[in-house]
There are 4 protein chains.
Amino acid sequence: MATTPNPDRRNERARRAILDAALELCSTQTYAGLTMEGIAKSAGVGKQTIYRWWPSKAAILLEAITERADQSLDFPDTGDLLADLRGQMYELVRLFTDPMFGAYGRGLIVAAQTDPAISAALLDTLIRPRVQLCIERLAKAQQAGEIRADVDLAVVVELLYAPLYYRMLLHTAPVSSEQVDSVISLVMSGIRP
Amino acid sequence: MATTPNPDRRNERARRAILDAALELCSTQTYAGLTMEGIAKSAGVGKQTIYRWWPSKAAILLEAITERADQSLDFPDTGDLLADLRGQMYELVRLFTDPMFGAYGRGLIVAAQTDPAISAALLDTLIRPRVQLCIERLAKAQQAGEIRADVDLAVVVELLYAPLYYRMLLHTAPVSSEQVDSVISLVMSGIRP
Amino acid sequence: MATTPNPDRRNERARRAILDAALELCSTQTYAGLTMEGIAKSAGVGKQTIYRWWPSKAAILLEAITERADQSLDFPDTGDLLADLRGQMYELVRLFTDPMFGAYGRGLIVAAQTDPAISAALLDTLIRPRVQLCIERLAKAQQAGEIRADVDLAVVVELLYAPLYYRMLLHTAPVSSEQVDSVISLVMSGIRP
Amino acid sequence: MATTPNPDRRNERARRAILDAALELCSTQTYAGLTMEGIAKSAGVGKQTIYRWWPSKAAILLEAITERADQSLDFPDTGDLLADLRGQMYELVRLFTDPMFGAYGRGLIVAAQTDPAISAALLDTLIRPRVQLCIERLAKAQQAGEIRADVDLAVVVELLYAPLYYRMLLHTAPVSSEQVDSVISLVMSGIRP
DNA sequence: GTTTAAACGAGACGGTACGTCTCGTCTTCCC
DNA sequence: GGGAAGACGAGACGTACCGTCTCGTTTAAAC
């Protein structure tokens, strides 16, 4: 890429300070109230240093979050499909109801509406890998005959997860484990042989 | 309310010009690029006149949109549930793929993440009435025995519509009538007696 | 004049309230802080009523002041020129050092720098009549042989009064009766036969 | 001082543009019509850059003017007191009748009525140094026996110059060299031995 | 071990938009 | 039709950030 200078000479301390400051500030204020100027000041860093390495505040947040999220990338397979789904979806409920998430999670999705680069990064690093893992778990179940062979698993994943995003973003109702149970129950009815 | 001055003395011409300018500008630029200053100038109106009656640009857009949307509030009942659902959902697909919607539709949802007033208005005037109509149509079908009696229809509505919002907001895949067909098919399998 | 509507139908009560409010406010705030809006509110009068009858706040003040000043227009002639001059000039010192005058007096002179109408009115109603009276008193003294015949009395008046205005407007030193005495003394030395 | 940021990093080009634009605009419009916004636009400068270095438009004007005025600070001593006085006062007449001066000179005096800082600066940088020079010239004449020993020279300076300010600010009559001659003539009569 | 080039902190710069304020005009309703 | 009330178009106010652009000052690789 031509946008960034020599990454070898990069100062890791500055990078850390910026990412930390971004998350730190996000927990205090709203995403809209997060400014490059604020990050620079609170990180003890020149603005130019930020602009040198990131194109936007969303990009900073994204990097900060993926860094923290990359750890737990796995979808359990206990043999009990319902329990596995429920466990993963409960996890998402926990995330969506975390007040901290309200700041940067929503902020990232908001930024993705405008900035295709953020949108792509969000998909590639956070969403799709997890969707893929879920599909794979469903595929095993399908091969085991727990799901009809003609069912499009990509659609199933959407049916399972979309209602959580729907409530989270539109505020029609609080995201909850009850919702997860209802959704799983109905979807399973539709895909069982 | 204390926020607004005497509404009797309000100048309707200014109100119209502001709402029209807001929509007009939205079709040109992005939602973020829509400014109070721009609306004022393009409407030939003082900024104070805008701030007098609306607290934010999102509020303006919301009023402009609801005004145009209020007309067609009905959910057909042809007796054919699948066809009725498909028709309504195709309509939403058409809306979500309208380039104009990209500007203000997404903008409103974005604004709703931050501003509870916008969120509430969005729900009350646009989302919930339509959800309600859909539930009522499903209730008729349920009474006709086309849907199992134990099915929670509110969850069904979410299962049907959430995947469209999911794709629209996360850009995981293009919203399309094919998606609608898949979703309806799977959901119907799950709720049929 | 074409600027004003039919003066016969004018409401005297409103006129009084406006003039009084203008002076009243001037004693509180600075001239720059005196606004049409403030006068209207404090007079319990519509802004239009002010604009109907006066072109500017300076015009209001001017009318208010001349009204009060018109009473005492006379220059005493006790036979003692020095005493007469001193008396009149002490009076001006008293005016210039009145804190109230700081508000409207300076304000009017300031306004006169910009607005020729104010300047003309200021001269015609306040300055020139008094200058004329002073010249007449001096003329009597000249005829009595107390002042050389070749002296231009208009210049003498300026020599007497200008130093007071000079200090008042430039703040080089406080206006005072000592200054008056010095000035009179020197000027008299110059014009005595 | 705490008001201004690091002056070392200051952009001289911006400073020049702002000072020039201020004078330029003053000669076009009235002082009251001079706005920070106008200066910024016409100087091709951000408003913040102005506010960073000057607290008010008067401060800008003052700096602009003193810069231009500092050059010629001397009072000639040809041995001929009358000629020297006349020369200096003619110079002031020339200044007061310069149409350009009407804009910013009056503007400064107007500003000094409201803003003590401007008043002080005006006195310290423009008025008093010149008054002092005049007093010194008069003192020499006094020691040479051309002026009575008991005459307060400070009062003489006021007698000489005040009438020019008087006419300039009150518009009672045009400032002119004839006025200067009359004034000098009368004052000299009063102070000669 | 010095040179040297780039990344760094700091922050001034030209801008845009903000939300508030006041101006002088226009409109509405009351007496 | 004059007057009280106040909404209106206009635009300046001073502030907050934007993203770019110098400035010295580290600082780490190349000599």
Side-chain angles (χ1 to χ4, degrees), chain A residues 4-15 17 33-41 43-53 55-57, chain B residues 4-11 13-15 17 32-41 43-53 55-57, chain C residues 5-11 13-15 17-18 33 35-38 40-41 43-53 55-57, chain D residues 4-11 13-15 17 33-41 43-53 55-57:
Chain A
T4 53
N6 183 351
D8 293 345
R9 317 205 52 175
R10 185 166 185 182
N11 182 339
E12 175 60 18
R13 216 163 46 73
R15 180 176 163 278
L34 182 71
T35 68
M36 292 302 229
E37 215 127 42
I39 296 173
K41 172 150 298 182
V45 139
K47 283 201 288 177
Q48 190 65 244
T49 302
I50 302 184
Y51 284 109
R52 218 188 320 265
W53 304 108
S56 68
K57 63 178 179 176
Chain B
T4 53
N6 183 349
D8 294 344
R9 320 206 55 184
R10 186 167 185 180
N11 184 339
R13 220 164 43 74
R15 181 175 161 276
L34 181 70
T35 67
M36 293 300 229
E37 213 130 45
I39 296 173
K41 173 152 299 181
V45 139
K47 283 200 289 178
Q48 195 60 51
T49 301
I50 301 184
Y51 285 108
R52 215 187 323 264
W53 304 109
S56 68
K57 63 179 179 177
Chain C
N6 182 350
D8 295 344
R9 317 206 53 184
R10 187 165 184 182
N11 183 339
R13 216 163 45 74
R15 180 174 163 280
I18 290 165
T35 68
M36 293 301 229
E37 215 124 36
K41 173 151 296 182
V45 139
K47 283 200 288 176
Q48 193 58 52
T49 303
I50 302 184
Y51 285 109
R52 222 190 314 269
W53 304 107
S56 68
K57 62 180 179 177
Chain D
T4 53
N6 183 349
D8 295 342
R9 320 207 58 196
R10 185 165 185 182
N11 184 338
R13 221 165 41 74
R15 180 175 162 279
L34 181 69
T35 67
M36 293 300 228
E37 211 129 47
I39 296 173
K41 174 152 298 180
V45 138
K47 282 199 288 177
Q48 196 60 51
T49 301
I50 303 184
Y51 285 109
R52 220 189 317 269
W53 304 108
S56 67
K57 61 181 179 176

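Below, chains carry the letters A, B, ... as their sequence lines are ordered, and counting in each starts from 1. Note that the coordinates shown come from a computational prediction; the quantities given were computed from them, not determined experimentally.
Comparing R15(D) and R15(A) along DNA chain E, the residue whose closest nucleotide (by nearest heavy atom) sits nearer the 5' end is R15(A). Where Q48(D) and R9(D) meet DNA chain F, the nucleotide closest to each residue was compared, and Q48(D) sits on the side nearer the 5' end. Comparing A43(A) and N11(D), the nucleotide of DNA chain E nearest to each residue sits closer to the 5' end for A43(A). Of the two residues near DNA chain F, K57(D) and V45(C), the one whose nearest nucleotide lies more 5' is V45(C).
Taking CZ from R10(D) and CG from D8(D), the interatomic distance works out to 11.5 Å, rounded to the nearest 0.5 Å. To the nearest 0.5 Å, atoms CD1 (I39(A)) and NZ (K41(A)) are separated by 13.5 Å. Within the model, atoms CD1 of I50(B) and CD of Q48(B) stand 10.0 Å from one another, a figure rounded to the nearest 0.5 Å.
Out of dC13(E), dA12(F), dA16(F), the shortest distance to the side chain of W53(D) is found at dC13(E). Nearest to the side chain of T49(A), among dG9(F), dG14(E), dC8(E), sits dC8(E). Comparing dA7(F), dC18(E), dA12(F) by their closest approach to the side chain of P5(B) singles out dA7(F). The nucleotide whose nearest atom lies closest to any side-chain atom of Y51(C) is, among dC18(F), dT20(E), dG24(E), dG24(E). Here dC23(E) is the nucleotide among dA12(F), dC23(E), dT25(E) with the atom lying nearest to any side-chain atom of T35(C). Proximity note for M36(B) (side chain, C-beta onward) versus dA5(E), dC18(E), dC26(E): the nearest is dC18(E).
Atoms NZ (K41(D)) and P (dA12(F)) sit 8 Å apart, rounded to a whole Å. Going from atom CG of D8(D) over to atom C1' of dC13(E) covers 16 Å, rounded to whole Å. As rounded to whole Å, 10 Å separates atom C1' of dC8(E) from atom CZ of R13(A). Per the geometry, CD1 belonging to I39(D) stands 11 Å off P belonging to dG14(F), to the nearest Å.
Side-chain atoms of W53(C) and R15(C), non-hydrogen and from C-beta on, never get closer than 4.5 Å to each other.
Judged as a salt bridge (Lys or Arg N to Asp or Glu O under 4.0 Å), and not counting sequence neighbours, K57(B) has no contacts.
Between the side chain of E37(D) and the base of dC13(F), no donor-acceptor pair of N or O atoms lies under 3.5 Å. Checked by distance alone, R52(B) brings no side-chain donor or acceptor within 3.5 Å of a matching partner on the base of dA7(F). In this model, no side-chain donor or acceptor of K47(B) finds a partner on the base of dG11(F) within 3.5 Å.
If you check every strand for non-hydrogen atoms under 4.0 Å, G44(D) touches sugar and phosphate atoms only. As judged by a 4.0 angstrom heavy-atom cut-off over every strand, N6(B) is placed among residues touching the sugar-phosphate backbone only.
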